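What follows is a set of notes on a single structure, which appears directly below.
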2 protein chains.
Amino acid sequence: MSRIPGRVPTQPPTLADVAELAGVSRQTVSNAVNNPDLLRADTLVRVQEAIEQLGYSPNRAARNLRTRASHLIGLRMNPGQEFTANAAMDRFVHSLVETSGEAGYHVLLFAGSGTDPLAGYDDLLRSTAVDAFVVTDTYLGNPQAAWLRERRAPFVAFGRPWDDAEATHPWVDVDGAAGTELAARHLLDKGHERIAWIGWRKDSWIGEDRRAGWSRALKARGLSTSGLASRVEDTIHSGREASAVLLDEAHPSAFVCASDTLAMGVLHTLADRGLRAGQDVAVIGFDDSQVAQVVRPGLTSVRQPLEDVASQIVNALEGLLAHPPRVGPGILLTPTLAVRGSS
Amino acid sequence: MSRIPGRVPTQPPTLADVAELAGVSRQTVSNAVNNPDLLRADTLVRVQEAIEQLGYSPNRAARNLRTRASHLIGLRMNPGQEFTANAAMDRFVHSLVETSGEAGYHVLLFAGSGTDPLAGYDDLLRSTAVDAFVVTDTYLGNPQAAWLRERRAPFVAFGRPWDDAEATHPWVDVDGAAGTELAARHLLDKGHERIAWIGWRKDSWIGEDRRAGWSRALKARGLSTSGLASRVEDTIHSGREASAVLLDEAHPSAFVCASDTLAMGVLHTLADRGLRAGQDVAVIGFDDSQVAQVVRPGLTSVRQPLEDVASQIVNALEGLLAHPPRVGPGILLTPTLAVRGSS
DNA sequence: CTGAAAGCGCTAACAC
DNA sequence: GTGTTAGCGCTTTCAG
């Protein structure tokens with residue numbers, strides 16, 4: 001009488017309730033859920049009907065306690081830069097949630113402190129709240145990697161271990177150089193010969209990597225890059241100024257930029273001077289952000305395959321959490337070019 | 001000998017380890033963590049030192065099992081519309097993570113199915129994986145609200161119960177009408193008298209709400225709205241077409257739009273015709289998305305106070321989960337206007 | 001293939 | 001104030 005199907009029970013049903021209804025032991029119900037193969041077919045059906053009837057789902061806390069696993073993946077959200085390269089972050093989180101969901105994992109978000117790159121990780125780890133982490137902010141080295149490895153915390157990094165070639169942790173990254181090389185080639189094929197670069201300051205590994213692709217493409221065609229490159233802050237204003245200077249001094253017919261933000265700055269300069277993007281001067285950005293898609297006349301941009309990144313990360317995570325753990329080599333994915341009016 | 005401080009233990013320390021080191025019972029350690037007032041000062045210090053020394057954090061699963069609470073808040077991510085009104089979502093999630101973190105909660109992300117508005121909720125609820133939900137997708141009524149309430153699942157909605165004035169669940173929303181009224185007044189104060197509206201199709205409550213603010217502002221100044229409004233799909237293309245038609249037929253000197261997307265369409269039309277946004281025709285969007293900030297000459301836009309929304313939601317959540325539960329009235333917050341070059 | 005017993009780490013209730 | 005007992009709901013032995 002205590003559990004009337006269709007009515008909302010005060011307490012969710014437990015294994016014992018299902019066992020009683022199905023006329024088997026609790027253990028058998030557990031097996032029906034976790035190792036159905038062990039049951040005889042008719043018993044299995046009877047148990048499954050009881051589960052269905054009661055709307056039973058195993059209590060997460062109890063299961064976690066027993067199995068020492070939470071099926072949760074921790075992901076740190078950095079204090080929101082209002083408009084920066086993290087435009088891609090949103091898309092990545094979406095993909096990660098969907099992919100990890102299919103693998104039986106949920107994503108646990110926690111806040112970072114901005115100053116301390118380790119904040120938040122420690123507590124979740126010690127309280128065994130998550131099974132693993134996905135570490136995304138590896139742009140300036142990654143102290144997290146060393147720290148997490150030291151505590152034997154499973155994690156997969158989105159981003160190469162730039163500062164440590166010996167690092168053995170699993171990672172997935174996008175080949176930025178291949179992306180900018182793709183962009184530069186696209187322009188070369190259109191007949192451009194003076195292609196300028198606007199990137200980030202030299203202390204950014206990602207920035208230098210992206211720059212290398214542009215440089216490689218030009219050199220492969222026997223073209224010089226000298227005087228055609230500029231390194232600035234990642235703001236529209238900087239992109240605008242840098243492109244103005246380059247136009248005056250080096251007369252490029254096209255720009256490849258390390259980000260859509262910088263590319264927007266170039267578009268502003270072109271508009272200032274009555275030049276038409278795509279017609280008079282070509283521009284290519286990086287990240288395929290929303291702005292690239294809506295600005296006139298459409299900004300050609302390098303697009304990171306974030307769905308694939310998420311999928312590979314979840315894959316690596318599953319290996320890491322398997323018994324015994326499987327840890328594969330780092331994975332480098334190739335971006336694509338979203339071609340629009342600006343090129 | 002089993003736990004050497006400074007070294008990484010194979011197993012995290014437990015209550016028992018701390019109790020042994022401090023020379024007290026397990027219960028006393030538990031009290032030291034949860035009810036420090038109950039301990040004598042010197043005992044408390046001794047226990048805290050032991051906790052510190054071992055790097056102890058209470059095991060989440062065990063605590064959850066015992067207290068029947070997970071300190072997790074479920075948030076559903078809808079399948080990523082590549083570019084839509086969910087531009088604001090990212091900002092909201094950030095705020096929610098930070099605010100709820102301060103209140104001792106973490107955010108659990110799960111994937112929605114796109115077709116079934118209830119997908120994902122059920123399992124998390126039955127397995128008691130989360131303490132409560134934050135429901136965001138209330139744009140077309142909210143079947144979740146009725147469903148969740150029926151199962152006595154605690155939740156707070158971001159969005160009014162448009163379709164059910166009798167609804168008693170806690171909610172927080174932004175007063176869209178106040179936002180568009182602010183926008184229209186801003187234009188009226190600049191001397192505009194023919195202000196057009198481009199909004200969504202009539203079946204959108206949010207859209208009709210935003211439209212009402214524009215209409216109210218015009219009528220308050222004794223101006224007619226007839227022929228000045230258009231209702232279309234939320235795409236750039238639609239905004240472009242609608243504005244072209246309105247310019248031809250109604251000769252407005254300014255536009256207020258239900259979204260930045262539509263406003264971008266207007267900017268395209270102006271560019272097509274050689275009209276300068278802000279100089280010849282004013283344009284105001286809604287959501288203060290990234291594009292509003294980077295497009296030339298800057299798009300004036302209604303900005304939702306998402307930080308405040310998150311804060312109020314967490315506040316409501318804390319009330320809901322208190323013993324006994326406190327449930328307050330719905331909360332309506334007022335947006336602000338981010339003024340840029342387009343107006 | 002099924003059942004009985006034990007225990008994961010913690011906290012609520014009660015004794016001392 | 002502190003210690004003892006019990007049990008949250010589940011899964012992992014190990015018998016039958």
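Owing to the predicted nature of the structure, the values given are computational and were not obtained by experimental measurement. All chains are named by letter (A, B, ...) in the order of the sequence lines, taking the proteins before the strands, and each is independently numbered beginning at 1.
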Closest heavy-atom contact between A:Ala129 and B:Arg60?
CB-CG, 3.7 Å
For B:Val156 and B:Leu317, which heavy atoms make the closest approach, and how far apart are they?
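So the minimum-distance heavy-atom pair works out to CG2-CD1, 3.4 Å.
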Verify salt bridge (charged side-chain N to carboxylate O under 4.0 Å, His left out) between A:Arg326 and A:Glu318, making sure each step is shown before the conclusion.
CA-CA 8 Å; A:Arg326 299 183 304 268; A:Glu318 287 186 286; over 6 Å; no
Do nucleotides 10-16 of chain C as a string where each nucleotide becomes B, S or -: B if the base has a protein heavy atom under 4.0 Å, S if just the sugar-phosphate does, - if no protein is that close.
BBBB---
First and last nucleotide of DNA chain D touching chain B, 5' to 3', heavy-atom cut-off 4.0 Å?
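It runs D:dG1 to D:dG9.
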May I ask you to test the [X]-[Y] pair for a side-chain heavy-atom distance under 4.5 Å?
X        : Y       : answer
B:Val309 : B:Ser95 : no
A:Phe158 : A:Leu96 : no
B:Thr14  : B:Asn59 : no

Base, sugar-phosphate or nothing for A:Leu38? Non-hydrogen atoms, less than 4.0 Å.
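Since only primed, P, OP1 and OP2 atoms lie under 4.0 Å of A:Leu38, the category is sugar-phosphate.
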Calculate the interatomic distance between B:Leu54 atom CG and C:dG9 atom P; express it in whole Å.
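So the CG-P distance, B:Leu54 to C:dG9, works out to 14 Å.
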Using whole Å, what does the distance between atom C1' of nucleotide C:dG3 and atom CD of A:Glu20 come to?
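Answer to the nearest Å: 16 Å.
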With side-chain contact (heavy atoms from CB on, under 4.5 Å) as the criterion, how do A:Val18 and A:Gln48 come out once you've worked through the C-alpha distance, each side chain's angles and the decisive distance to 0.1 Å?
CA-CA 9 Å; A:Val18 178; A:Gln48 283 174 336; over 6 Å; no
Indicate, with yes or no, if the rings of A:Tyr121 and A:Phe155 have centres closer together than 6.0 Å.
no
